[in-house]
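Read the numbers this way: they start at 1 and go in the same order the structure lists the ligands and their atoms.
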Amino acid sequence: MPTPEADPITRYVSEHDFKMTIGGKFVDGRDGEVRDVVDPSTGATLTTIPVASARDVGDAVTAARAAQPAWEALGVSGRSECFSHFADLVQENRERLAMLDAIDCGNPVGAMRADIDQCASYLDGWPALAKGLTGDVIPSSPDHLHYTSHRPFGVVGRITAFNHPAMFGITRPLPSLITGNTLVMKPSDETSLSTLALGELFDQAFPPGVVNIVTGGPATGDALVTHPDVKRLAFTGSVGTGLRIQGRGAESGYVKQISLELGGKNAMVVFPDYDVDLAVDGALFGMNLNVCQGQACGSNSRVMVHARIYDEFVNRLADKLSRYRVGVAYDESTDVGPVVSKAHWNRVSGYIEAGVEDGATLVRGGDRPGGLPEFGNFLEPALFADVTPKMRIGREEIFGPVVSIFRWDDYDTMLADANGLDLGLTASVWTNDLAIAHRTADALDAGYVWINDSTRHFFGTPFGGSKNSSLGREESKDEMLSYLEYKVVHTRLGDAKASLNRLLS
Ligand code: NAD
């Protein structure tokens with residue numbers, strides 16, 4: 001039986017105090033409340049993290065507000081220097097951050113190193129984009145000059161989901177910061193360690209109060225959402241929480257700009273002309289099983305395969321899936337780690353039972369693998385065939401290691417099924433026929449559609465979905481502009497000749 005290494009836990013967790021960062025100080029919550037941190041690979045309680053009360057959130061917002069004018073006055077070039085410094089610190093701390101995510105979140109450590117590496121393009125990309133920001137001159141009247149400029153909101157609130165903790169902790173603050181806002185960020189209460197560690201790096205690279213990190217659950221998040229000085233809030237998480245946040249923002253009595261990055265139930269459409277092996281590889285890659293156990297918003301959780309290649313596709317997928325090694329997340333040979341918590345294990349297992357009850361064929365997996373720590377949240381990735389749109393596993397976001405395959409033969413019915421949910425985050429189309437590929441990409445109701453690819457997104461391409469999946473777009477110019485308020489300056493020029501005569505006479 002592979003035993004979990006004690007060393008990374010001692011080295012990266014036990015020997016550290018995990019504190020919040022507020023106004024350049026590392027602090028516990030004022031009320032002393034804490035939350036246990038549980039290792040999803042073993043079930044062991046490793047340490048505690050602070051739980052911020054509304055007073056702590058208030059302190060963080062006050063610190064952010066005090067730091068904002070000087071931060072804005074630095075200009076894009078001055079702010080970019082802080083980004084460069086921070087990028088170096090992230091690189092120096094790569095191993096620590098990746099290990100913390102493996103230990104705290106259960107994602108395989110190799111995948112978390114890759115997550116940190118991906119952040120480089122964001123750390124470079126945001127300053128480059130901001131340096132190119134321009135306003136408009138609007139020629140609406142010959143006797144007037146109208147131009148636009150941008151101003152930051154002030155203090156931005158950022159609340160993130162549990163599944164890519166360090167990557168979210170590094171990249172999600174960047175667009176608000178480069179545009180001159182200061183920040184209060186709350187990571188998921190389930191996976192806060194790497195973000196708390198990042199607080200130390202932000203503190204070294206940025207002036208005190210520019211980045212504040214508070215930890216805690218729904219009550220902490222709610223205090224941030226409803227705080228009167230947080231006029232711009234960005235949220236990544238589930239649809240249910242996103243809707244609640246919109247409501248709570250409005251109930252606070254202030255008009256807030258809220259962007260939402262929410263869930264998906266994403267269709268992967270495979271046409272019969274496409275190489276079956278490549279499509280199977282694409283389906284596995286797109287499920288992110290060996291990155292975060294399928295706990296990814298953009299995963300192709302509905303794989304729709306044409307009847308002509310369906311049986312071969314299912315068999316080959318089952319075969320390739322059987323080679324994935326489920327194990328302790330900080331063991332280098334692990335492909336698939338544990339899911340994030342006991343509660344989530346129960347939730348995903350409940351969906352696997354529902355799939356069987358609703359008549360889908362469980363081809364393989366779906367149970368707890370043997371030979372691993374007894375209290376780890378391990379699940380052998382489940383492969384379901386014969387899934388239909390009416391089944392719960394066919395229409396609800398599971399957010400776990402479950403691959404669901406649908407069979408289709410009529411194009412219009414397939415499209416209606418693919419578009420038949422309230423979610424529309426991503427989709428993918430797999431065919432060698434260019435015209436079919438583009439027509440289908442156009443017809444799919446999703447914000448981000450891949451053709452013969454999956455999962456990868458690049459800085460600069462707007463990421464987000466339609467319907468209940470998103471409000472706004474991220475990782476692009478659209479996101480940068482969403483952290484800025486427009487201002488129009490209107491100058492009356494009047495009659496040029498009369499003005500000249502007056503001035504010169
Ligand atoms: P969640 O909604 O349970 O929690 C997300 C965050 O909201 C956490 O920080 C949590 O503490 C906080 N929160 C919970 N209740 C709150 C409240 N009432 N007020 C304020 N904050 C509150 O989501 P999760 O389980 O962490 O993440 C999984 C979900 O996130 C999935 O639906 C997934 O699709 C989605 N997600 C979306 C994207 C994207 O970019 N579209 C990326 C990652 C995850």
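Atom numbering of ligand 1 starts at 1 in the shown order; those under 4.0 Å from a heavy atom of Phe235 are 2 (O), 5 (C), 6 (C), 7 (O). Residue contact check: Gly263 has heavy atoms under 4.0 Å from atoms 32 (O), 34 (O) of ligand 1. Remark: ligand 1 atoms within the under-4.0 Å shell around heavy atoms of Thr160 are 5 (C), 6 (C), 8 (C), 9 (O).
Taking the six-membered ring wherever Trp is involved, the centroid distance between the rings of Tyr483 and Phe153 does not fall below 6.0 Å. For Phe406 and Phe384, the ring centers sit 6.0 Å or farther from each other. Outside the 6.0 Å centre-distance limit, the rings of Phe378 and Trp345 are not counted as a close aromatic pair.
Taken from CD in Glu251 to CD in Gln246, the straight-line distance is 12.0 Å, to the nearest 0.5 Å.
The environment of CZ in Arg364 is crowded: more than 12 heavy-atom neighbours from other residues, nucleotides or ligands sit within 6.0 Å.
Only the side chain of Ile245 comes within 4.0 Å of ligand 1, judged by heavy-atom distances. Residue contacts with ligand 1 for Thr220 are absent, since no atom lies close enough (heavy atoms, distance under 4.0 Å). Counting heavy atoms under 4.0 Å from ligand 1, residue Phe168 touches it through the side chain alone. Proximity of Gln295 to ligand 1, defined as any heavy-atom pair under 4.0 Å, is not found for any part of the residue. Contact annotation for Ile159 and ligand 1: only side-chain heavy atoms (C-beta onward) come within less than 4.0 Å of the ligand.
Using bins of under 30°, 30° to 60° and over 60° for the plane-to-plane angle, the ring pair His344/Phe399 lands in the perpendicular bin.
Between Lys390 and Asp358 there is no salt bridge, since no side-chain N of the basic residue sits under 4.0 Å from a carboxylate O of the acidic one. The pair Glu396-Arg302 does not meet the salt-bridge criterion, since no charged nitrogen lies less than 4.0 angstrom from a carboxylate oxygen.
Ligand 1 has no nitrogen or oxygen under 3.5 angstrom from a nitrogen or oxygen of Val225. In terms of polar-atom proximity, Lys186 is counted as a contact of ligand 1, with an N or O under 3.5 Å from an N or O of the ligand. Of the polar atoms of Thr236, none of the N or O atoms is found under 3.5 Å from an N or O of ligand 1, judged by distance alone. Among the atoms of Asp189, some N or O lies under 3.5 angstrom from an N or O of ligand 1. Considering backbone and side-chain atoms alike, Ser469 places every N or O at 3.5 Å or more from each N or O of ligand 1. Between Ser470 and ligand 1, not a single N/O pair is under 3.5 Å apart. Note: no N/O pair closer than 3.5 Å links Asn163 and ligand 1 by distance alone. Ligand 1 has no N or O atom lying under 3.5 Å from any N or O atom of Phe399, backbone or side chain.
Side-chain atoms of Asn346 and Ser349 form no donor-acceptor pair, as typed in the model, at a separation below 3.5 Å.
Ligand 1 lies within reach of Pro187, whose nearest heavy atom is under 4.0 Å from it.
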